[in-house]
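Take a look at the structure set out below.
Throughout, protein chains are lettered first and strands after them, A, B, ... in sequence-line order, and every chain is numbered starting at 1. Everything numeric in this text was worked out from a predicted model, so none of it was measured. FYI, side chains are in, hydrogens and waters are out, and symmetry mates aren't considered; it's all heavy atoms of this structure.
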Amino acid sequence: MDFSLTMEQEILRKSVRDFAEKEIKPKARELDEREEFSYETCRAMGELGLFGMFVSEEYAGQGLDYISYIIAVEEIARIDGSHAATIAAGNSLGIGPLYYYGNEEQKRKYLPKLCSGEMLWGFGLTEPNAGSDAGNTQTQAVLDGNEWVINGSKIFITNASTDITAGVTVLARTGIREAGKKELSCILVETGTRGFEARPMHGKLMWRASNTSELYFDDCRVPEDNRLGPQGEGFHQMLGTLDGGRLSIGAMGLGGAQGCFEMARRYATQRVQFGKPIASFQVNSFKLADMAMEIELARLLLYKACWLRDNHKPYAKEAAMAKLYCSEVMYRCANHAVQLHGGYGLMKEYDVERFYRDQKLLEIGEGTSEIQRLVISRLIGVI
Amino acid sequence: MNILVCIKQVPDTESQIKIDSGGKGIQTADIKWVMNPYDEFGVEEALRIKEKTGGKVTVIGVGPQRVVESLRTALAMGADEAIHVDDPAADGGDALATARVLAGSVKDVPFDLIFCGQRAVDDDNAQVGAALSELLQIPLLSVITKVEISDDKAKVKVQRPVEGATWVFEAPLPALITTQKGLNEPRYASLPGIMKAKKKPLSAKKLGDLGLSPDQAGLQGSKLTIKGLTPPPERKAGKIIEGETAQEKGTILVKLLREEAKII
Ligand SMILES: Cc1cc2nc3c(=O)[nH]c(=O)nc-3n(C[C@H](O)[C@H](O)[C@H](O)COP(=O)(O)OP(=O)(O)OC[C@H]3O[C@@H](n4cnc5c(N)ncnc54)[C@H](O)[C@@H]3O)c2cc1C
């Protein structure tokens, strides 16, 4: 067994950490407050190479392994959830499906601009009536001559309505299979296509500086060639995409937990009550000890899942476990961290307040914690 | 232009420094090592000059295997080549011994300009750059915040801040510059840069390759010996002055400064 990271991975961690501390941290609180997606930091993240990390150099990606990508997300999440969301969704949900399932022409057309961060791409799966039950997709695409005609809507789609969004991948019903089962396919729809509208959603509790959208398709026509991969493969593509996506949500939980821990440790060793730093009271030091231990466990599990993926071994179970565990570790860490900050932890002046809110999405997005337990139950063969 | 940048690897400023049992060194087990921040300014400035005038940037580091990470970081930022003096006999030297090793490692490398940090943030000696310029018999421009290369690439004009003023110097090339904070804002090693750095040349050298014997370098070649290290005195907790009005707080502050701190 070898637990050490490569030198390149260590350099990457340091570089992304420095970047996050110097370029994102000074702005994160205000962007959150104003509920604003920052084009400036997004461009800077693109220049650093944070988009297209696992895409080969042939398509202008960085050609890194998955663990490197996960370390990068972890380091951004250590500073800010919204920016980590832009990166995680941009890579796993936007770029991922195009790279893994797209044909040569689609890859050449879209990937270079997405990998430089000049453009973003959304992944439209969730619908008002198809959340956890994603297979219940209502959005329909009907072939008319050599065009798909799409009707329906999507909700909560990340990166889909920025000024630099080039388009979205949409999961739609494209027919009925024998035994009455729905046939689902993924179709690419470019921004600006007639009949397609992406509207930003406001009033979020968390990820307030990340872009979330509702998508509307009203007799929206796109060429037949915009189908991603073979017809009827949509559901499998979606499941495959989510397996990878879970690792990046895991990385957000791990990085966020690390950020909470560091804030809590710093505060608890400095804040004096009853003449002593509050960390010296055992009830508080034990909280910090638990946080440190759980973060260590979360990292081991997440990195192992990445290792499995990088080594082309089955990793769906470990990915679901890592997503679930890392999210819940951040839940506990954010809770302890605010508790240790006392009243100050409830004030926006302290970043820990934002971490407390941002954490909640991790137990809901890309499959809720309940759905992860369902996936794990299936994979261990008990249901 | 051929530009050399000397890089020292130092403990991350976030690391907790503890003195080891011998009392003459520090415990290194838990330390995270990083490139000396002043050397980052040197790498950045060298890259900017190269981007303008063309040429090559070579980085040089002395120390154990871990130093390769800092050299690779410089390559990831955009430097072209690295030289690593990887010889236990070269480690732990004083400023003069280290400068001798650096001078030896550049003896076969053409250069127009050398950057060193004005000091390393670990031992704060601020002497290696000066000693190296002396050994190489080239002009030394120290504690510099601005560098301009002349159009004919024969001269360099630099600025050094001094109390309330700026000193401007000019020197013929080759010359050695030591960097000061404010010179530039170093770039991050980009992810594509990190991948490219893997393939860039990094040569490891022994003292013998530099034409040096062990008694000229490292501990053996040092004229300075460390007699002991003591930690700085612990900082006492601060005091927050309570009071209803600014006036009231001011009065208490003056009283404390006079009677407790005894500084007015
Ligand atoms: C900020 C944000 C960004 C998002 N980004 C994207 C995106 O880019 N693309 C995309 O497609 N989607 C995205 N989503 C959607 C997200 O994936 C869904 O919200 C999530 O899958 C849950 O679906 P739902 O909200 O409809 O909840 P529901 O499915 O209605 O779930 C409600 C509750 O019921 C529970 N539940 C449901 N079914 C079961 C069951 N069988 N057993 C036990 N409990 C169950 C759930 O666990 C949950 O607690 C995003 C969401 C948010 C908030």
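- Within 6.0 Å of the NZ atom in Lys255(B), the count of heavy atoms belonging to other residues, nucleotides or ligands does not exceed 12.
- To the nearest 0.5 Å, atom CZ of residue Arg66(B) and atom CE of residue Met7(A) are 12.0 Å apart.
- Other residues, nucleotides and ligands contribute more than 12 heavy atoms inside 6.0 Å of the CG atom of Asp124(B).
- Separating the CG atom in Asp12(B) from the NZ atom in Lys14(A) is a distance of 6.5 Å, to the nearest 0.5 Å.
- More than 12 heavy atoms of other shown residues, nucleotides or ligands fall within 6.0 angstrom of atom NZ in Lys50(B).
- With a 6.0 Å radius and a threshold of 12 heavy atoms from other residues, nucleotides or ligands, Lys146(B) has its NZ atom at or below the threshold.
- Of the listed residues Lys196(B), Met77(B), Arg187(B), Glu69(B), the one with more heavy-atom pairs under 4.5 angstrom with chain A than any other is Glu69(B).
- Closest non-hydrogen pair, Ala189(B) versus Ser15(A), comes out as O-OG, 2.6 Å.
- With rounding to the nearest 0.5 Å, the separation of CE in Met195(B) from CG in Leu12(A) is 10.0 Å.
- Counting heavy-atom neighbours within 6.0 Å of Arg258(B) CZ, excluding the residue itself, gives a total of 12 or less.
- Side chains of Tyr188(B) and Glu47(A): a donor-acceptor N/O pair is absent below 3.5 angstrom, by distance only.
- Within 6.0 Å of CD in Glu30(A) there are 12 or fewer heavy atoms belonging to other residues, nucleotides or ligands.
- Annotation: the span from Leu191(B) atom CG to Ile11(A) atom CD1 amounts to 11.0 Å, rounded to 0.5 Å.
- Neither the backbone nor the side chain of Val272(A) comes within less than 4.5 Å of any heavy atom of chain B.
- Proximity to chain B (any heavy atom under 4.5 Å) is shown, for Gln270(A), by neither the backbone nor the side chain.
- By the 6.0 Å contact criterion, CZ on Phe281(A) is enclosed, its count of non-hydrogen atoms from other residues, nucleotides or ligands being greater than 12.
- Note that the CD atom of Glu10(A) and the CZ atom of Arg72(B) stand 15.0 Å from one another [nearest 0.5 Å].
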